[in-house]
Amino acid sequence: MCSIMGYDGKDVSLEEFEKAFEQTISRGPDDTRIVPLQSAILGFHRLAIMGLTEEGMQPFSLGEDYVVCNGELYGFRKIKQSLSGKYTFKSDSDCEIILPLYREMGLDMFATLDSEFAMIIYDSKKKQLIAARDPIGIRPLFYGYSKSGKIMFASEAKCLTPLCEEVAPFPPGYYYADGKFTQYLDITKVEKYSSDELPTIFTKIHDKLVAGIEKRLDADAPLGFLLSGGLDSSLVCSIAQKILGKPIRTFAIGMSEDAIDLKYAKEVADYIGSDHKEIIITKEDVLGAIDEVIRVLETYDITTIRASVGMYLICKAIHEKTDVRVLLTGEISDELFGYKYTDFAPSAEEFQKEAVKRIKEIYMYDVLRADRCISANSLEARVPFGDLDFVKYVMSIDPSKKLNVYNKGKYLLRKAFEGDYLPKSILYREKAAFSDAVGHSMVDYIKEYAQSLYSDREFEEKRKKYGYHAMPFTKESLMYREIFEKYYPHHAKMIVDYWMPNKSWKGCDVDDPSARVLSNYGESGV
C-alpha cells in the first residue's frame, strides 16, 4: 500500500505530525520520509511495489512542487514516454509522472488517470495543498481541520483523530483545491444505456475484465491471490494464471470445523494448477482478533467486521510466512452484478438505483475491508473488478439485462467466462457470503460471545447512548460499537450507516446483513 499525510498550516508541530503519522507505519514499513515545506508538511510511509530502488522514494519533487501518492497508475510507461522529451525521470516508479502531468494539465489531470489512488500535491505557486481520490475510493483518504481551521489529509482516520475534532472520508471522484471540493468524475453516472445485445455484452465483459486483470499483474514485488472458491476470486485467479502462463500463488482460509469454501477453493486451485495454501483458524483466533480488526478498520459495521476477521487473519499469515507483497482480490463484483438480495429488486430501475448506491458507498464497506486487512499486514491490494473501464461499461448495461431473470445471479458474468476458465460447478455455483463461507460457525461464535456480554436490560440501556447516529440494534452490533468508540470516540459519522439489504423491497426486510437470512439463500452456504 503506502501511507500519506499532509497538513497545510502552522498550528500543528512537526513532532505532533510525526507522532500521528506513525500510527500507519504498517502501510509502508520499508521507509519513511517527512518533509516540512514553506507552508505545509508532507509525509510518506513506503511499501515498495513499483520501482524498488531508493530513487522511487516519495515525496517526488519538481522544482518546488511536491507530491505523495498511494496508488497504482496503470499505463504509466506510455505516459512517461510521452513526457520524457520535456522532463527527466530518475526512477521506475509510476507515481513520478504525477507532477509533470500536473504541470501540463493542471486539475484536469485527475479525470484522465486510469488508476486507483489517493494523492496530495503541494503547489508552490499557489502555496497550497491539492488532494484527490480515485472515483471508486479504492485507495483511502480522510480529511479534517486543525484548531485554527487548517485542512489536513491522511490515508487513515487514526492519523487525524488526535489532531482534529471531526474527521470525514475524502469523497471518491473528487479533488480538493482552492479551499473547496470538486467532483471530477461520477463513475456511476450513465447518460444513456448501452444498446449492446447479450452476445456483445458477454464479449465486452470478458475482454474488459481480462484487460483489468492484466494491467494489475505489473508489479516489481511478488504477487499472490486470495481464493475463496466463489465466482469472483476464482475468475481473477484463473484469468491471471492464463495471462502469466505459470502457476500463481493462491491462499484460502476456513474454520477448523465447517469451512464451506476451502473445498471449492481447492477444486479451483487443482483445476488451474496453482501453488495453493490453506490457512485454518479456530474459535479462539476469531474472538481474539475482533478488537484489533475494529481498530484497523475504523468501523463498527457488522458485515464489514464479520468478513474482515477471516481476511485479516489470512493476510496476517501471508505476511508472516511468505514473501508475497501484492494481493489480487475479487471485491466490487457484487455491487455491479448483484447480491443475493438484489434478486428481489422490484424493477430494472430499482436494480440500477441500488447498484449506484452500492458503488457510491463501497469505500466504506468492502473496499475498506480489502484495503485495511491487507495494508495492516504490509501488503498491497489490487481489485480488478474496480477497473474504471470495466465499471463504466457494466454500469451502462441496460439493467433489465442485469436483473436475475435467468434463475441464476450474476448470469452475465458467468456466461462471459464459459469455456475452460473454471469447472462448471464453480462457474455456476451459488454465492455464499464471505464471512459465512469461512465457516458458519465463525459468525455463530461471534454472536454467542456478544450475547454473553450483555443482559437484555444492559443492551437496551447501553445502545441508547448511541442514538444520535447508527444506534446498535443487536448485541453483536453494540459490542462492535463499544470497541470502535474505545479507539475513535465521537467519530461514528465516518460511516453513513450499517450495510443492510434494501429493506423496502419485499423479501429483504431482515434484521441481519448476512445473505444467510434471506429466503433465496438456498444452497449458497453448502
Side-chain angles (χ1 to χ4, degrees), residues 1-8 14 17-18 20-77 79-80 83-84 87-103 109-110 113 115-124 128-134 138-143 152-156 159-160 170 175-176 218-221 325-326 371 374-375 378-382:
M1 282 303 187
C2 293
S3 183
I4 62 174
M5 187 168 172
Y7 172 56
D8 195 4
L14 185 60
F17 185 100
E18 288 174 345
F21 191 42
E22 180 72 19
Q23 294 191 72
T24 52
I25 191 73
S26 65
R27 295 187 70 90
D30 295 338
D31 201 356
T32 294
R33 187 174 294 164
I34 295 173
V35 179
L37 302 169
Q38 185 177 354
S39 60
I41 307 172
L42 288 179
F44 186 72
H45 293 312
R46 185 187 191 193
L47 179 68
I49 301 296
M50 300 296 294
L52 305 183
T53 63
E54 172 63 25
E55 287 76 17
M57 182 60 184
Q58 298 184 41
F60 287 116
S61 62
L62 184 60
E64 295 184 5
D65 295 343
Y66 287 80
V67 65
V68 287
C69 178
N70 168 29
E72 293 296 333
L73 312 184
Y74 302 111
F76 78 94
R77 289 183 176 85
I79 298 171
K80 186 175 180 180
L83 294 166
S84 60
Y87 299 93
T88 300
F89 296 94
K90 299 176 181 178
S91 77
D92 293 323
S93 171
D94 51 334
C95 294
E96 195 181 358
I97 68 169
I98 293 170
L99 289 175
L101 209 55
Y102 177 66
R103 284 271 179 96
M109 169 186 76
F110 301 116
L113 294 175
S115 175
E116 47 211 43
F117 69 88
M119 70 172 73
I120 309 166
I121 295 170
Y122 175 70
D123 186 317
S124 58
Q128 67 173 6
L129 293 183
I130 293 164
R133 190 179 186 187
D134 70 72
I138 292 175
R139 295 303 170 97
L141 194 62
F142 291 80
Y143 72 97
M152 61 182 77
F153 309 97
S155 290
E156 296 186 16
C159 294
L160 302 180
F170 194 104
Y175 64 76
Y176 174 90
D218 185 2
D220 296 331
R325 301 294 289 275
V326 180
D371 174 82
I374 291 174
S375 67
S378 302
L379 305 167
E380 173 167 298
R382 294 190 179 176

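Just the heavy atoms: all of them, side chains too, but no hydrogens, waters or symmetry mates, feed the values below.
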#### Entry: Gap separating the OH atom of Y143 from the CD1 atom of I120, nearest 0.5 angstrom
14.0 Å

Residues 43-50, side-chain donor-acceptor partners within the protein, below 3.5 Å, at least two apart:
residue	atom	partner	partner atom	Å
H45	ND1	T32	OG1	2.7
H45	NE2	F21	O	2.9
R46	NH1	T53	O	3.0
R46	NH2	G51	O	2.3
R46	NH2	T53	O	3.3

### Message
Checking Y176 now: which residues fulfil ring pair (Phe, Tyr, Trp, His ring centres under 6.0 Å) with it, not counting sequence neighbours?
### Response
F153, F181

### Query
What closest approach, in Å, do L42 and G6 show between heavy atoms, and which atom pair accounts for it?
CD2-CA, 4.0 Å

### Query
Side chains of T24 and M5: closer than 4.5 Å at any heavy-atom pair?
no

#### Entry: Residues in salt bridge (Lys or Arg N to Asp or Glu O under 4.0 Å) contact with E72, at least two apart in sequence or another chain
R382

#### Entry: Residue list, side chain to side chain contact (heavy atoms under 4.5 Å, CB included) with E64, at least two apart or on another chain
S124

### Residue pairs involving residues 24-39 (criterion salt bridge (charged side-chain N to carboxylate O under 4.0 Å, His left out); sequence neighbours excluded)
R27-E156, R27-D371, D30-R325, R33-E54

### Query
Is any side-chain heavy atom of N70 closer than 4.5 Å to a side-chain heavy atom of L141?
no

### 4.5 Å side-chain heavy-atom contact, M119 and F110
yes

### Task
Taking side chain to side chain donor-acceptor pair (under 3.5 Å) as the test, write out the residues that go with Q128, two or more places apart.
D178

### Summary
For D134, the salt bridge (Lys or Arg N to Asp or Glu O under 4.0 Å) test, sequence neighbours excluded, returns none

### Query
Does any non-hydrogen side-chain atom of P100 lie less than 4.5 Å from one of L62?
yes

### Task
Output all residues satisfying side chain to side chain donor-acceptor pair (under 3.5 Å) with S91, sequence neighbours left out; order by chain, then residue number.
E96

### Query
Which heavy-atom pair separates Q58 from C95 by the least distance, and what is that distance?
NE2-CB, 3.7 Å

### Task
Please list, chain by chain and in numerical order, all residues satisfying side chain to side chain contact (heavy atoms under 4.5 Å, CB included) with S39, sequence neighbours excluded.
D8, Y122, K127

### Query
Under a 4.5 Å cut-off applied to non-hydrogen side-chain atoms, are C69 and F60 in contact?
no

### Message
Taking side chain to side chain donor-acceptor pair (under 3.5 Å) as the definition, give me every residue that meets it alongside S93, ordered by chain and number, with sequence neighbours left out.
### Response
none

### Task
Just do the side chain to side chain contact (heavy atoms under 4.5 Å, CB included) check on L113 and I98 with the steps written out, would you?
CA-CA 10 Å; L113 294 175; I98 293 170; 5.9 Å; no

### Message
Rounded at 0.5 Å granularity, tell me how far OG in S155 sits from CZ in R133.
### Response
9.5 Å

### Task
Please examine the side chains of I130 and Y102, heavy atoms only from C-beta on, and report whether any two atoms are closer than 4.5 Å.
yes

### Message
I need the S3 OG to Q23 CD distance, nearest 0.5 Å.
### Response
10.0 Å

### Task
Take L99 and Y87 through the test side chain to side chain contact (heavy atoms under 4.5 Å, CB included) and record every step on the way to the result.
CA-CA 10 Å; L99 289 175; Y87 299 93; over 6 Å; no

#### Entry: Partners passing side chain to side chain donor-acceptor pair (under 3.5 Å) against D94 (at least two apart in sequence or in another chain)
none

### Query
With D123, which residues qualify under salt bridge (Lys or Arg N to Asp or Glu O under 4.0 Å), at least two apart?
none

### Query
Judged by atom type as modelled, is there a donor-acceptor pair below 3.5 Å linking the side chain of S61 to the main-chain atoms of Y66?
no

## Note on the structure
One should read off an interatomic distance between L73 CG and I97 CD1, to the nearest 0.5 angstrom, of 5.0 Å

### Task
Locate the shortest heavy-atom distance separating A132 from Y175; write the atom from each residue and the value.
CB-CB, 3.8 Å

